[in-house]
Amino acid sequence: MNGRNRAVRVVTGGVGGCLPGRSTAVLALLLMLVLAATPPAAADPVDECRSTGLVTARVSTGVLLEHGKRTSTTVRSELRVDVPAAWAFARDLLLSEESPEYIRAMSCLTRPQGGQHRRWSEWRDAPPLVTAEKDGGVTVVDRAHTWVNVYDTVQAGLWSVRADGDRWTISLSPPPSLARARWTEIKVDPGAPGAETASPTPDGGAGTTALLWHPSSSGKAPPAGKGKPKAGVQAPPPEPVPAVSVRLKPSWQRSWGSQSNRLAGLLIDRSGYVISSAVTSALLLSGVALYRRRWGPPTARQDRTLRNLAQWGVASTVLGLLIDGGAVLQQYGERRGGILWQDDLALRNYGLALAFVAVLLTVARPTRRVWAALACLTVAPVLVTLVPGSFDLRSEALLGASGLALAAETTASVCLFALCSLTFAAAAWRLATDGGLLPASRRFPGSHRVLRLRVAGPAVLAWTILVSVFFALTEERAWRRASWLSDRTVPDYGRDHWNDFVWEALHSVPRAQDWLSSYLWLLTAVALLAVLRAWRSATAVSPLEEPADRLLFVTFFGVAVILPGGYVAGFSTISVLWQLLGMLALYGFVAPFTGRSALAQPLEGSGRPLAAVADAAGRATLLQKSRSYREIHAELRRLDQGLFGDTPPKRSDLERHLSDLHDWPASPPLSGGTERLPAKISVVDAALALGPRDTWWANGSRCARLSLIPAVPASFLMIWVWQIRGEGWASSLSDHFGVPGLLLSFAGWTATWTGAAFVLGALWRRLPGQRGAAKALPVTFAFALPAAVDGLVMHFTDESTAGLAIAVSAMLFVLTVTGIAMDFDTFRTERRYWQSRMGLLLSVYQMRYYSLQFAYLVAQIVAMISIWQFLADPNTAPDPKE
């Protein structure tokens, strides 16, 4: 035997025979070590929802995807739970929605256990409907909705939709408390064209695209609210809740709309705004170059307006790059996965905001007092940006914000908003005063009006307070919406609520600037009007005669009047084409038909057009002859009706007087005799064609003022259509700038109507038609053409077009009423001779009362049919929330 076997043998014999007591102790020690190393059996989790009481509950749920007539797909979910009286928390559902017991019970039915249940993408029109039943049970119906407008997962009720580009997945996530309940029906309607795959295999279907599952072992589930188990009858054991998952392929339009938060999608969308701003700037700078080529040195006012237009042309593009580039930069930072807290975000957001203000100041050039006010407003954001640690703005994202941090962020954000608003007003004031668009100062005659801080300061302060108050109220509503099932008694709730306000105050700066920047077109319109007024020619019949005037005039129409369009599935890349189309439409509907206008008709003597000899003195002569013309025609009507006495006038004498009224005193007189108006043009037609003023600018300004009366109801109509009707009001209330935005929307729509009226008045002498209502048609057609093309695009992308038709109808209404008012204003000197304006209008139009009444009745019928067609069955959807 070798040594190795011997050693083993010795050890074995020693242990087995010589030391029996030690062997037992060693085994016991080893057993204790094994038991100590073995983890204890997991304890059963605490069932906080008392799920055993929900075994007999009957549950049905469904989800519907609405794709048509909207930019982003709407997801609507419904959950119905027949809660038995045996559940411990059934009575808590009947308490107030603010009650902790109600929150605990409702979260057990609609949310997973644990957590604070914050859902920012989920929306509700109303709280869940809770109804007490006679048997002591409770019926809960919860309806929620959301939009698939992000390249991510959105939730509505028990359902989630994950958008992965061209494939979406709908999934059911039942709460654990209802896992053993009786699920009577599960319904999924993915919308057209239907589902590609469904797991598990559905039991049946409903309609054209809906899929049904009936997990209950009783087969087909009874209708909701019916078929409850009778007392004493043993219900069959419930089937497990199926993990329902449906996959669908949405249309390319809805697929594009769901990718708005992707970096590429945001870059494509924002590039449209930058391109539009750059094209507009190019048109403005081209106009400046054309004016510089005019013969003769410019006046001081002309030079100022051109300098302002050139500066604004460059500044508007820079502002667009700041706003849209900042949005892309923010999205890029989020996609990179970096965590930015208050100090990092303040440096970026406040820096871009101050740069925005600095660019506007290059155009505004305010007074020293305004400069001092702007400097005071800059102190708070600069301090917060440079020394964030002094205000408890730490970089750690997990630390809670203090009261000092909230006060600092709120103060800095409010100051920046007031700073932007005051700078915006100062820039508009500078462009208007340099162009002479504002009346001269009453306090200092002959001087320009100055933007005084004692007036602008309180106005901007009131505006800032209004926006801030509604922002805070909206944010509080948004927090309550997202956290309506959160436990308000735990410390985390108050800390998270506090942090949310700090976060939103910080992010309000870029959002507010983005909101205000959408109205920068008003400054462009003011700059264009200032140049047109300063460089207008006293001898030009219309602004279409001079190349420089023509370019800026049609650019004004494209900027201030044409509706923004070209948003293909939510992306604005080609939106600039609609502005250019509107400019071409105005020129195309007016220029080819100027030969048919009354003033373009040749005089019978020299053959010159009437516009060439119709100066201010000639217009006064026409007004005098027009009254005689209408009086003689009234005598002829009375003669035909036999209303004269014993010595009626001779018809030949009256006709000779009418013929003499067509004589036109030429200046200088012609050697061949007097001029005569064209045979088809009466003196009344010629007077109406000239308009109430002597120049095209004066006619345009007067027409814009007269349009303010019909513009007010038209503006309210458009706000009601797009921001209040249907789901629009809830959408406006949910937007942080929704309610204050109604005021800016009203100002924007009013500027649109008055801008179109200015175009009508400026082209008055070149437009075909003998009455104001007919002259309004070419401008309306130029407005309607881009809207019609936009409607075709929206029809192709399956989006709503109802608002466009109403906008065109409102434009026709405003311009028609304004055109009639212009005709009336032409003969305003005769108002003293008539008892009412209606009598003068009837005399001008040579119409009887019953004829006008019949026309008015027909117009009422047409208006009622139009209102019923476009407004009775709204098919628009508000923009989805972020």
Pair Thr209, Asp189 - check side-chain hydrogen bond (donor to acceptor under 3.5 Å, both in side chains), show working. CA-CA 6 Å; Thr209 57; Asp189 189 349; 2.4 Å; yes
Could you tell me whether the side chains of [X] and [Y] share a donor-acceptor contact shorter than 3.5 Å?
X	Y	result
Ser572	Asp269	yes
Asp142	Thr110	no
Trp159	Thr61	yes
Gln723	Ser745	yes
Glu799	Thr71	yes
Glu476	His497	yes
Glu98	Ser96	no

With a 4.0 Å cut-off, would you call Asp496 and Arg118 a salt bridge? yes
Check this for me: does any side-chain nitrogen of one of Glu196 and Lys249 sit under 4.0 Å from a carboxylate oxygen of the other? no
Heavy-atom side-chain contact between [X] and [Y] under 4.5 Å:
X	Y	result
Arg70	Ser800	no
Asp487	Ile103	no
Leu172	Ile186	yes
Val568	Thr797	yes
Pro174	Trp183	yes

For the residue pair Trp503 and His507, categorise the inter-ring angle as parallel (less than 30°), tilted (30 to 60°) or perpendicular (more than 60°). tilted
Going through the distances and angles, do His67 and Thr73 end up as a side-chain hydrogen bond (donor to acceptor under 3.5 Å, both in side chains)? CA-CA 5 Å; His67 305 286; Thr73 296; 2.9 Å; yes
Set out, in order, the CA-CA distance, both residues' side-chain angles and the distance that settles side-chain contact (heavy atoms from CB on, under 4.5 Å) for Lys187 and Leu211, then state yes or no. CA-CA 6 Å; Lys187 181 179 181 179; Leu211 305 177; over 6 Å; no
Take Asp798 and Arg254 through the test side-chain contact (heavy atoms from CB on, under 4.5 Å) and record every step on the way to the result. CA-CA 9 Å; Asp798 197 16; Arg254 302 295 84 82; 3.7 Å; yes
In a check of ring pair (Phe, Tyr, Trp, His ring centres under 6.0 Å) between Trp479 and each of Trp484, Trp498, Tyr493, Phe501, which one passes? Tyr493
Where do Val140 and Leu109 land on the side-chain contact (heavy atoms from CB on, under 4.5 Å) test, with the steps shown first? CA-CA 9 Å; Val140 177; Leu109 298 179; 4.1 Å; yes
